[in-house]
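Here's the structure, in structure tokens; my notes come after.
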Amino acid sequence: MSGNNSASLFNRCRRSRSFVIGGIMTGFLLICALVSLVWTPGSAYDIEIGNRFLPPSMDHWLGTDQFGRDIVSMLMTGTQNSIVVAVVAVSIGLLIGVNLGLLASARRGWTEEIIMRMSDFSFAFPAILSAIMLTAILGPGGVNSILAIGLYNIPVFARLTRGSANAIWAREFVMAARAAGKGKLRITFEHILPNILSIIIVQATILFAIAILAEAALSYLGLGTQPPHPSWGRMLNEAQALMFLDPMQAIYPGLTIAVAVFGLNLLGDGFRDVLDPRLSRKR
């Protein structure tokens with residue numbers, strides 16, 4: 001039975017164009033990040049004024065910037081930063097938000113009301129605006145960027161988890177478990193969480209893309225990753241003064257951000273198609 005389920009899941013993954021294309025694009029970025037840990041075609045840190053604005057060549061695949069740094073190396077190294085920020089920020093929201101949502105759904109009453117009203121208050125501020133406000137107060141830097149983005153993700157996961165869990169609490173098998181004497185904590189982790197896990201995974205994938213975009217925006221404004229560490233957003237910021245001199249300086253990091261966000265959104269759509277049994281039956 002387990003083998004059949006695995007084969008069925010693999011077939012659904014293979015048939016989902018969004019999953020395949022998004023997986024390829026996301027996998028390519030992950031490979032770039034891993035490879036950059038041990039090798040880059042040039043230096044992403046060394047300033048060599050004599051090599052500034054070199055055109056693409058065998059030594060510098062996409063040329064060099066105004067400081068003589070290799071653009072491909074900066075993009076590859078910047079991938080590390082974007083992935084780390086996104087993973088940690090989404091993990092913060094996932095761990096805290098999911099538990100708050102499960103707590104609100106299980107306890108109901110004033111507990112649910114307090115958690116949901118706090119979430120509503122958080123949603124009154126747009127994600128980027130909240131991140132800018134927090135990093136402006138706490139100071140610029142990668143750690144504060146992670147904290148700012150992670151705090152925004154908490155109410156997103158809390159509301160999603162609470163709404164999905166409430167629907168499962170009304171199902172017959174949960175009522176049977178309660179009649180059998182199981183406590184709310186045991187029911188939550190044995191029945192509720194497994195049945196909403198696919199929804200949480202899809203949301204986490206989408207928020208991963210949003211976190212990468214938010215990190216790039218904060219770095220563009222000077223509130224994110226600080227020099228000398230490469231960042232896609234800061235590459236865009238440095239390139240805006242060179243738009244008429246060398247527009248490719250802005251196009252390269254802009255395309256990289258677009259590919260990362262688009263690939264993760266496709267992957268999220270693919271996960272939804274694969275993990276949602278109703279969509280699977282329609283196919």
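All values reported here derive from a predicted model rather than from experimental measurement.
- Of the inter-residue distances, the one linking Leu236 atom CG with Ile251 atom CD1 reads 10.5 Å to the nearest 0.5 angstrom.
- A 4.5 Å side-chain heavy-atom check between Ile257 and Leu213 finds at least one atom pair inside the cut-off.
- Under a 3.5 Å cut-off, the side chain of Ser219 and the backbone N or O of Ala216 do not form any donor-acceptor pair.
- Here the side chains of Leu94 and Gln203 are not in contact, with every heavy-atom distance at 4.5 Å or above.
- Note: Thr256 OG1 to Leu29 CG = 8.0 Å, rounded to the nearest 0.5 Å.
- Connection of Ile199 to Ile187 is not established within any shared hydrophobic cluster, with ILVMFWY side chains joined at heavy-atom distances below 4.5 Å, either directly or through further cluster members.
- Contact record, Asn153 with Gly93: CB-CA, 3.8 Å, taken as the closest heavy-atom pair.
- Between Met175 and Ala170, the shortest heavy-atom contact is CE-O, 3.3 Å.
- If you take CG on Leu193 and OG1 on Thr161, they are separated by 8.5 Å, rounding to the nearest 0.5 Å.
- Nearest heavy atom pair, residue Val90 against residue Ala211, reads CG2-CB, 4.3 Å.
- Rounded to the nearest 0.5 angstrom, Leu102 CG and Ile115 CD1 are separated by 10.0 Å.
- Residues Ile206 and Leu264 have side chains not in contact (no heavy-atom distance under 4.5 Å, counting atoms from C-beta outward).
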Practice prompt. Decide yes or no on side-chain contact (heavy atoms from CB on, under 4.5 Å) for Phe208 and Ile212, but give the supporting numbers first.
Written response: CA-CA 6 Å; Phe208 197 92; Ile212 287 180; 3.8 Å; yes

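- Checking side-chain atoms of Lys184 against main-chain N and O of Ala106 turns up a donor-acceptor pair under 3.5 Å.
- Minimum heavy-atom separation, Ser36 to Gln80: OG-NE2, 2.6 Å.
- Using a 30° and 60° split on the angle between ring planes, His191 and Phe173 fall in the tilted class, from 30° to 60°.
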Practice prompt. Please step through side-chain contact (heavy atoms from CB on, under 4.5 Å) for the pair Ile71 and Met235, ending with a clear verdict.
Written response: CA-CA 9 Å; Ile71 293 177; Met235 289 177 70; 4.3 Å; yes

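- Annotation: Phe262, atom CZ; neighbour count of heavy atoms from other residues, nucleotides and ligands within 6.0 Å does not exceed 12.
- Hydrophobic cluster membership is shared by Phe189 and Leu103, with clusters built from Ile, Leu, Val, Met, Phe, Trp and Tyr side chains linked at under 4.5 angstrom.
- A side-chain donor-acceptor contact under 3.5 Å links Trp169 and Ser105.
- Contact record, Leu266 with Gly22: CB-CA, 3.8 Å, taken as the closest heavy-atom pair.
- A side-chain N or O of Asn81 and one of Thr225 form a donor-acceptor pair less than 3.5 Å apart.
- His60 contributes atom NE2, which lies 10.0 Å from atom OG of Ser43 (distance to the nearest 0.5 angstrom).
- Formation of a donor-acceptor pair under 3.5 Å by the Arg162 side chain with backbone atoms of Gly101 is not found in this model.
- No option in Leu62, Asp70, Asp59 other than Asp70 meets the side chain to side chain contact (heavy atoms under 4.5 Å, CB included) test with Pro41.
- Counted within 6.0 Å of CZ on Phe53, heavy atoms from surrounding residues, nucleotides or ligands total more than 12; the atom is thus considered enclosed.
- Residues Pro253 and Met74 fail the side-chain proximity criterion, which asks for heavy atoms closer than 4.5 Å.
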Item to complete: Please step through side-chain contact (heavy atoms from CB on, under 4.5 Å) for the pair Ser18 and Arg272, ending with a clear verdict.
Response: CA-CA 10 Å; Ser18 295; Arg272 182 194 60 199; over 6 Å; no

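- Trp232 and Leu242 are assigned to two separate hydrophobic clusters, defined by single-linkage of ILVMFWY side chains at heavy-atom distances under 4.5 Å.
- More than 12 heavy atoms of other residues, nucleotides or ligands lie within 6.0 Å of CE in Met133, so this atom counts as buried by the packing criterion.
- Here the side chain of Gln249 pairs a donor or acceptor atom with the backbone of Thr64 at under 3.5 angstrom.
- Side-chain contact check for Leu207 versus Phe157: some heavy-atom pair is nearer than 4.5 Å.
- The CG atom of Leu223 lies 11.5 Å from the CD1 atom of Ile137; values are rounded to the nearest 0.5 Å.
- Without hydrogens or angle criteria, Arg234 side chain to Gly224 main chain gives no donor-acceptor distance under 3.5 Å.
- Connection of Val35 to Phe28 is not established within any shared hydrophobic cluster, with ILVMFWY side chains joined at heavy-atom distances below 4.5 Å, either directly or through further cluster members.
- Sparse packing is recorded around CH2 of Trp110, with 12 or fewer heavy atoms of other residues, nucleotides or ligands lying under 6.0 Å away.
- Judged purely by atom type and a 3.5 angstrom limit, Thr40 has no side-chain atom pairing as donor or acceptor with the backbone of Ser73.
- The shortest heavy-atom contact between Met116 and Ala104 is CE-CB, 4.4 Å.
- Linking ILVMFWY side-chain heavy atoms closer than 4.5 Å, directly or via other members, places Met76 and Met58 in two distinct hydrophobic clusters.
- The backbone N or O of Asp273 sits nowhere less than 3.5 Å from a side-chain atom of Ser16 that would complete a donor-acceptor pair.
- Between the side chain of Asn144 and the backbone N or O of Leu138, at least one donor-acceptor pair lies under 3.5 Å.
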Discussion item. The test is side-chain contact (heavy atoms from CB on, under 4.5 Å); show your working for Arg107 and Glu112 and say whether it passes.
Written reply: CA-CA 7 Å; Arg107 295 296 299 273; Glu112 181 182 28; over 6 Å; no

